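Take a look at the structure below.
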Amino acid sequence: MTSDGRTPLEGRSAVVTGASSGIGRATARALAADGANVAIAARREEKLEGLERELQTEYDVETVVAPTDVRDEAAVDEMIEVADDAFDHLDIVVNIAGLARGGPIEEQSTEDYRTVMETIVDGTFFTTRAAIPHLRETEGSLILMGSFAGKYPYSGAPVYGGARWWIRGFAKSVQGQVGQDGVGVTVINPSEVRTQVWEDEYDEGEILEAETVAEAVAFIAQQDSPAVVSQLDLYRRDRISEL
């Protein structure tokens, strides 16, 4: 809470993709806890409706459910317009939707390759393209989810790693275009997070939690300075020595 008794993001509005679970769900909660109105997007509408009830009950913020497959450019365009219509402006857009497919590269199916690339690369592009005109109006923040796999070799899932490298390059180039208009572009690069991919392999506290990443998103969203946090790395302490 700020010195004048306001929550840090009061009066601001956000869109969060991948909000039905994991980092996306935790991010929607973190932004709402800080006072932001939130449009929550994912494919699983029933999960979004449950989250909507939680956010409205616990944080008393406006919440909009926007069922969206980020691989569908028309659906993404509609998602952004629905959010803008509901809140009358957009200040924060967080692109979290993603998935991973691993294994030996010679065994990687074309279907898995396309699913990963369409979700991470196409989904990020469609969301960014639709969001930027609105963020220019508010000098807002575009926050993209990267990964340590987008900074270091990731032999377990080369296609996923390649997609995350693309996110970083794309973000830097977009910042070069829109920074002069006051838009901030940030990539957050976490190491392993205990979501659906890792929750069966690690106990609580052994790797990052979704809430830790969500706190980083909220921190970025609160920045009003002309400066921008271009990248924010979140690695567990014992992982640093391996990178």
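Remember, predicted model here, so these are calculated numbers, not experimental data.
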Inset, instruction - Decide side chain to side chain contact (heavy atoms under 4.5 Å, CB included) for Ser21 and Lys47; before the verdict, give the C-alpha distance in whole Å, the side-chain angles of both, and the deciding distance to 0.1 Å. - result: CA-CA 8 Å; Ser21 64; Lys47 294 281 189 180; over 6 Å; no
Inset, instruction - Examine distances only and state if a side-chain atom of Arg53 and a backbone atom of Leu48 form a donor-acceptor pair shorter than 3.5 Å. - result: no
Inset, instruction - Using atom types as modelled and distance alone, determine if a side-chain donor or acceptor of Asp69 lies under 3.5 Å from a backbone N or O of Arg43. - result: no
Inset, instruction - Keeping the roles fixed (side chain from Thr27, backbone from Ile23), state whether a donor-acceptor pair exists under 3.5 Å. - result: yes
Inset, instruction - Measure from the side-chain N and O atoms of Gln177 to the backbone N and O of Ser173, and report whether any donor-acceptor pair falls under 3.5 Å. - result: no
Legend entry - Thr138 side chain to Leu90 backbone, donor-acceptor under 3.5 Å: yes
Inset, instruction - Verify, without hydrogens or angle tests, whether Arg168 (side chain) and Gly150 (backbone) share a donor-acceptor contact under 3.5 angstrom. - result: yes
Inset, instruction - In plain terms, say whether Arg71 and Asp122 are close enough for a salt bridge, that is, a side-chain N and a carboxylate O under 4.0 Å apart. - result: no
Inset, instruction - For Ser141 and Ala221, indicate whether the former's side chain and the latter's backbone hold a donor-acceptor pair under 3.5 Å. - result: no
Legend entry - Single-linkage hydrophobic cluster, 4.5 Å side-chain cutoff, Ile167 and Met117 together: yes
Inset, instruction - For residues 168-191, pull every pair meeting ring-ring contact (aromatic ring centres under 6.0 Å, His included), keeping only residues two or more places apart or in separate chains. - result: Trp166-Phe170
Legend entry - Option passing side chain to side chain contact (heavy atoms under 4.5 Å, CB included) with Val94 (candidates Leu31, Thr127, Val15): Leu31
Legend entry - Closest heavy-atom pair and its distance - Leu99, Tyr160: O-CD1, 3.3 Å
Inset, instruction - Could you tell me whether Arg12 and Asp91 make a salt bridge, using a distance below 4.0 angstrom between a side-chain N and a carboxylate O? - result: no
Legend entry - Atom CD of Glu78: over 12 foreign heavy atoms under 6.0 Å: no
Inset, instruction - State whether the side chain of Gln175 and the backbone N or O of Val185 hold a donor-acceptor pair below 3.5 Å, judged by distance alone. - result: yes
Inset, instruction - Kindly say whether Gly146 contributes a backbone atom to a donor-acceptor pair with the side chain of Gln231 at under 3.5 angstrom? - result: no
Legend entry - CD/Glu111: more than 12 non-hydrogen atoms of other groups inside 6.0 Å: no
Legend entry - Phe219 atom CZ: more than 12 heavy-atom contacts under 6.0 Å: no
Inset, instruction - Any chance you could lay out the side chain to side chain contact (heavy atoms under 4.5 Å, CB included) test for Arg101 and Gln108, step after step, and finish with the verdict? - result: CA-CA 8 Å; Arg101 297 285 189 273; Gln108 192 92 65; 3.6 Å; yes
Legend entry - Asp233 with Lys151: basic N within carboxylate O range, under 4.0 Å: yes
Inset, instruction - Decide if atom CG of Asp60 counts as having more than 12 heavy atoms of other residues, nucleotides or ligands within a radius under 6.0 Å. - result: no
Inset, instruction - Quick one: list whatever passes side-chain hydrogen bond (donor to acceptor under 3.5 Å, both in side chains) with Asp72, sequence neighbours left out. - result: none
Legend entry - No-hydrogen, no-angle side-chain donor-acceptor test under 3.5 Å, Arg44 and Ser20: yes
Inset, instruction - Establish, from distance only, whether the side-chain atoms of Asn189 and Ser147 form a donor-acceptor pair under 3.5 Å. - result: no
Legend entry - Nearest heavy atoms of Val213 and Met145, plus distance in Å: CG1-CE, 3.8 Å
Inset, instruction - Run the salt-bridge test on Glu73 and Arg129 with the 4.0 Å N-O cut-off and return the result as yes or no. - result: yes
Inset, instruction - Check Val38 against Ala28 and note the closest heavy-atom contact, atom names and distance. - result: CG2-O, 4.1 Å
Legend entry - Any donor-acceptor pair under 3.5 Å from Thr68 side chain to Ala66 backbone: yes
